[in-house]
Every structure is written in structure tokens, then in C-alpha cells.
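Each remark here refers to the structure printed beneath this line.
Predicted model, so just to flag it, every value in this text is computed and none were measured. Throughout, numbering of the chain's residues begins at 1 and tracks the sequence.
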Amino acid sequence: MKNPKFWLILCGDAVLVVLAHYLAYAIRFDSVLHGEPVFRQCTGLLPVILGVKIPTFYLFGLYRGMWRYTSLNDIVNIALATAFSSALIVLLVLFGSHFIGFSRSVFILDGVFTFGFISCHRMFIRFGYLHLGNGSGGLYAAEPVEQKRLLLVGAGDASARVLRELHENSQLPYKAVGLVDDDPGKTGMKLFNVPVLGVIEDIGEHVRRARAQEILIATVVIDKAKMRRIVGLCQRTQLPFKVLPTMGELINDRVSIRTIRDISFKDLLGREEVRLEQEKIGLYLTGKTVLITGAGGSIGSELCRQLLRFSPGLIILFDASEENLYNVQMELRHEHDGVGTIAILGKVQDLRLLNDVFRRHRPAVVFHTAAYKHVPLVERNPWQAVYNNIFGTQLLMEAAIVHGVERFVLVSTDKAVRPTNVMGASKRVTELLMLAYSGSCWDGSLCPAWKRAQGEEPSPPPPPDPHRHHATRFMGVRFGNVLGSSGSVIPLFKRQIEKGGPVTVTHPEVTRYFMSAEEAAQLILQSGSMGEGGEIFILRMGEPVKIVDMARELIRLTGREPDSEIEIRFVGLRAGEKLYEELITEGEGIVDTHHEKIMVLRGEKNLSCAMLGNQLEQLAQQAQALDSKGIKETLQRIVPEYRPDFTV
């Protein structure tokens, strides 16, 4: 109420309410001034009219909005407030005089005029901001902005949102000059007064006629062939072109001209939008404390962003990389106001730190994404896979049991299926640990192999108790390569293309499964809601992609031709690398779930913790001795399908 603009708008509404009331009487009785009794009746009702309508408008929130952004919702709110106040006035007159001497049509006309005047009042304010001001602030002249002539591909909802934003903010550096669409029936129509010029196939001609300077692909495309066709047509125009992010990249479906970006390989994958069961996910996340290990990585940081829509009570960001942890903490703090976060800098194999974090913050859900993932590096330093991937995971699982975590989701990889490298074998061991702990076989002693490796003598386990069990639900999620992650080839290819090549590919036939970080994070959250304990969820990755085809597409996206302008050079498979990856081992017993993108492997729950414990003791000793050959031999005994490369 200290805002002078509030009083200005309120006084304006009061004048308009009086005018509406006067016009209602004037129309009903030809002229109010010619009939003294009618005039007295009209003026006598004014205190009631003002005393009911203005407070009602206030209670309905008509003075709490930002009038420069008046929308259809505000008009609906005005209609409801007008109807309610008119009904209340009619009731007061009915109880006061039983409508004797009053015309019913006056109150109908009064309500209609009130709604019209108040709505026009709000729209006039918006019009003033849009056309007399700078479109984003007060009513004053702004410095003119140089605007590029923009042609939009697609005449649907996404384009409508972009055009609305361009219309409302003259300070944006774009001016829409036309649209093109696959539907010829839209040709000649207008969207926010911008014409649909024709079909996409003739985009070159439309660019010339509209004198466009840039192209924006603003259409929802889930078919990779269609997207590649659109990109190819845009490339022929030799104009710069950009794309709106996919729905999976946008929290709460925020499409904005400010979010446009250069086209990337993931736009050509043609991945369908993930259907999330919001209520089920919300049941285990809303208001809960959630711990994410590897929170600064590609998957961990995207999990943080996707979590926001489910309103967790607190997000614990756990990462060993200072820079990654700082970046995700600053993003959540400055771009997503009101989110409670705590940043923990440390390693998951630090048992004292883990116990302190779990004791202080009592997380209810743990997403374990932290791991060493780079195949050649881990192949040459296998003891780090033992320390970080295996024992780090085991310590985290045992801490979750001790401190009563409700759900523990292990993020695994397709490289755990028939592994040919240490990284894949170590992740398969973590899957086996997850299955073992799901069977409630833990005896209560904290990771004796790890403690002995650190020079500590583990405390003896308690006496066996056949009724011992814990409440933590363990589950795993297995999927392929994530675009842009630390182990992805895309950043390497981009650097090589920027330098003019050559782009190095290991083998002409090597294939991989790919998905975006947004899709991976959404499916991890979905899987977490489905697990009862002991499942390994397999995410459907679609069709595998040839790496050489990916390299060629990335080169074309820069406007150059592969092989002629940018050389592609084959350098041979790296240590521990497969020609192709698998998501499923034959005979694993994979079954479909009710979710179209998720399958499940219900693993055995009778795995022996004692047997795993003995082998983990050997791994701990071999890791301490930096015994590469011994580590691989022990991993092969734990994972019989593992085929190690002893030459590295």
C-alpha cells in the first residue's frame, strides 16, 4: 500500500466503477439527470457500489499483479471479481428493499460495464508499457537496439511463445519477419501479425523474399530424419541458424527467445520426450533431503536441476572436484532462488566424512553418480577404479544402511555388461554389491577390507542374527553414453573441428548408445520411484549410433564438409574398448515395466556377502600394491564374463 502506483490504479478503478454505474442508469432510463427520483436512487447506491466492488477487487488480487504483463488469466480474474461483487450488491438490495423500485436490468448493465471498463483499464496500461516504453521497464524512451530479421521454422505453440516475447520486449535483438511450416494449409495465415510465408521445402526462397538474417528452428521435432532434413535445408541458405531447447532441457516448460542456442548433435538424435510420473516421483522426493554424489558432473548436475520441480527439502551436493562443485552450487543459488543446498567437498571413500554428513543431515534419498568413467585412464590406473568405483560405493551403501536412508539409486553403465575394461568390471562389481545389500546380507561390520587398506583394524562383526534386516531400498540404473559427459567424445570432436581437423575416430565400425543428460536424469528419477529393492533398471537407448557418422554430422553442423574440408582419421581401438556396447547380457531375464522407456532386471538376492568380502580383501591389497595384473585377475573371478586386457 506504500506504492503510489497502487493508489493511482485504485482511484482509476473507483472512477470507472462510478462511470459504469451511471451509464447503466442512463441507458435504462434514457437520462438519469431528467428524473430526480432516479438520480437520487443512482447516487444513493454509489456508497454501496464502491464499498463492495473495490474491497472485492482487492480480495481477488486485482491490485497485486504487474499490470504491464496483464494476461488472459487477469481478465478471467476481473470477470470473477465483477460477478461476485455484482451478486453481493444484488443480495444487499434484495434484503434491504426486496427490489421494490429498482430495475433488475440496471445491475446487469452495471456488471457488464464494470467488467469492460476495468479490463480496458488494465489493457491500456499494458499497451502503454509496450508501445510508449521499452517493453521491459518503465514508461520512458530506451536506446534503440539493432535487430536481426528472424525467420522461424514452425508455426506452432513454441513459435507463438517466441513471437509473444518479441512483441512484448522491443529490446530483444530480433525482429520476426516470417514463418515457414510443413503444413501448406497454414500458408497465408498470421501469428501475432507475422505471416506464414509457405512450406519449409522452399525456405531458400522465403529467406530471400523476407530478407531474413537468421533462422530459428522453433518446432518440436522428435524424428531424427525430419530434424536432419530441416537442418540440411537451413544449411543451404548459408544463414546462421539456431534452435530452441527441447522440453527436457527446460524446467517447468519455459520456452524463451533467450534460451535459443546453436544446433547440436543431440537435436539430431530424435529422442522422444520422457513421460514422467510426477506424483510417484514427488512421493519419494518432495520435502525430503536428497544426497547426490558427483553432483558437479554432467549427470549429477542435471539431476539437481530436474529435482527442483519436485520441491525437495534439501539437496546435498557431494563432489571431489572443487570447480565442478562450486559451479553447480552457484547455479542453484543464483538461478533457482529458494532451493536449500549444502556443498560437501570430499571423496566418497572418506568414511569419517560420510558418517558426519549422514549423521548431520539425515538424507532420505541417495543418488550415487560419482565414478571414474574414462575407459583408457582407468585401464592404466586400475587401483583408482578399486578405490573410487568399488570401495567408495560400498562405503556409501553401508553408510546409507546405518543411517536409515529410504532409497539408494546406483547409476551404472552399459560397459558393465560383458566388460572388456576395468571401468566396466568395477561398475559390475558395484551392481553385485547393490544386489547383495538388497538381500539384507550385511552383518553390521563397516567395510573391513577398506579399513584394513587404510591401516585400521576393523571391529569384529556382531553375532549372526537370522532376523537382521534393514529398511534401505537399493536399486541400480544402467544406460549408455551421455552426450557432453566427461567420457564423451563430443567435446574432443568439437575441439578438433575448431582447429581444422583431423577428427580422430577409433574404428569405422565402432558404435555407441547415446542419450542427453536431461533424459538420463529424468529416467533416473523415474526409476527411483519404481524400485522395491534389488532391481537393475535398463533404460531404452534406441538405436546405436556409428561414431564416424556422428563425427560427420558434427562437421556438417559447422558448415563444412567431412573428408574434403575436414579429414576423418581412424586411429584404432583404445585399451579396453569394444567395437559396440550392450545394455543386456543374454539370459539376464530382462522384463518390461509399465514405463515405455524402462526395462528391469530383477537380480539375485542370495549373493554371498562373505564371498564378495574375501575377494574385496584381495582387491584392497592389490590396489595398495598398485598390482594392475592382480586387480584384473581378481575382478575376473568376481565377474566371470569380464575379459581383461593384460597388455596394458
Minimum heavy-atom distance [X]-[Y], with the two atoms named:
{"X": "Val328", "Y": "Ser301", "answer": "CG2-CB, 3.9 Å"}
{"X": "Val477", "Y": "Ser527", "answer": "CG2-CB, 3.8 Å"}
{"X": "Val409", "Y": "Gly528", "answer": "CG2-CA, 4.0 Å"}
{"X": "Ile203", "Y": "Ile215", "answer": "CD1-CD1, 4.0 Å"}
{"X": "Gly51", "Y": "Pro55", "answer": "O-CG, 3.1 Å"}
{"X": "Cys304", "Y": "Leu332", "answer": "CB-CD1, 4.0 Å"}

Item to check | Check against side-chain contact (heavy atoms from CB on, under 4.5 Å), Leu23 and Phe117 | outcome: CA-CA 11 Å; Leu23 282 177; Phe117 288 162; 3.6 Å; yes
Checklist entry - Which one of Thr56, Leu59, Val52 satisfies the side chain to side chain contact (heavy atoms under 4.5 Å, CB included) criterion with Phe84? => result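 Of all the options given, the one that passes is Thr56.
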Item to check | Candidates Leu151, Leu239, Leu150 - the one meeting side chain to side chain contact (heavy atoms under 4.5 Å, CB included) with Glu214 | outcome: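 The passing option is Leu150.
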Item to check | Enclosure of Tyr284 OH (heavy-atom neighbours >12, cutoff 6.0 Å) | outcome: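 Yes, the 6.0 Å shell around OH holds more than 12 heavy atoms from other groups.
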Is there a donor-acceptor pair closer than 3.5 Å between any side-chain N or O of [X] and the backbone N or O of [Y]?
{"X": "Gln213", "Y": "Arg149", "result": "yes"}
{"X": "Asp319", "Y": "Leu325", "result": "no"}
{"X": "Gln526", "Y": "Glu277", "result": "yes"}

Item to check | Derivation of the side-chain contact (heavy atoms from CB on, under 4.5 Å) call for Thr82 and Phe57 | outcome: CA-CA 8 Å; Thr82 302; Phe57 291 171; 4.2 Å; yes
As an exercise, state the distance from [atom1] of [X] to [atom2] of [Y], rounded to the nearest 0.5 Å.
{"X": "Leu46", "Y": "His21", "atom1": "CG", "atom2": "NE2", "value": "4.5 Å"}
{"X": "Leu50", "Y": "Ser85", "atom1": "CG", "atom2": "OG", "value": "11.0 Å"}
{"X": "Leu317", "Y": "Tyr326", "atom1": "CG", "atom2": "OH", "value": "13.5 Å"}
{"X": "Ile54", "Y": "Ile49", "atom1": "CD1", "atom2": "CD1", "value": "10.5 Å"}
{"X": "Lys242", "Y": "Tyr174", "atom1": "NZ", "atom2": "OH", "value": "5.0 Å"}
{"X": "Phe537", "Y": "His595", "atom1": "CZ", "atom2": "NE2", "value": "11.5 Å"}

Are the side chains of [Y] and [X] in contact, using a 4.5 Å heavy-atom criterion?
{"X": "Tyr25", "Y": "Leu45", "answer": "yes"}
{"X": "Met475", "Y": "Arg473", "answer": "yes"}
{"X": "Leu291", "Y": "Phe367", "answer": "no"}
{"X": "Val199", "Y": "Val180", "answer": "no"}
{"X": "Gln235", "Y": "Phe241", "answer": "yes"}
{"X": "Leu525", "Y": "Leu303", "answer": "yes"}
{"X": "Leu94", "Y": "Phe102", "answer": "no"}
{"X": "Leu152", "Y": "Val162", "answer": "yes"}

Ionic contact status for [Y] with [X], cut-off 4.0 Å:
{"X": "Arg305", "Y": "Glu518", "answer": "no"}
{"X": "Asp110", "Y": "Lys53", "answer": "yes"}
{"X": "Arg229", "Y": "Asp182", "answer": "yes"}
{"X": "Glu532", "Y": "Arg407", "answer": "no"}

Show me the donor-acceptor pairs within less than 3.5 Å that the side chains of residues 184-191 make with the rest of the protein, sequence neighbours left out.
residue : atom : partner : partner atom : Å
Lys186  : NZ   : Ala155  : O            : 3.2
Thr187  : OG1  : Pro184  : O            : 3.1

Next on the checklist: side-chain contact (heavy atoms from CB on, under 4.5 Å), that's the test. Do Thr289 and Arg362 meet it? Break it down for me.
Outcome noted: CA-CA 7 Å; Thr289 298; Arg362 311 297 298 180; over 6 Å; no
Checklist entry - Would Glu302 and Gln522 count as a side-chain contact (heavy atoms from CB on, under 4.5 Å) if you check the C-alpha gap in whole Å, the side-chain angles of each, and the deciding distance to 0.1 Å? => result CA-CA 9 Å; Glu302 187 58 36; Gln522 290 166 356; 6.0 Å; no
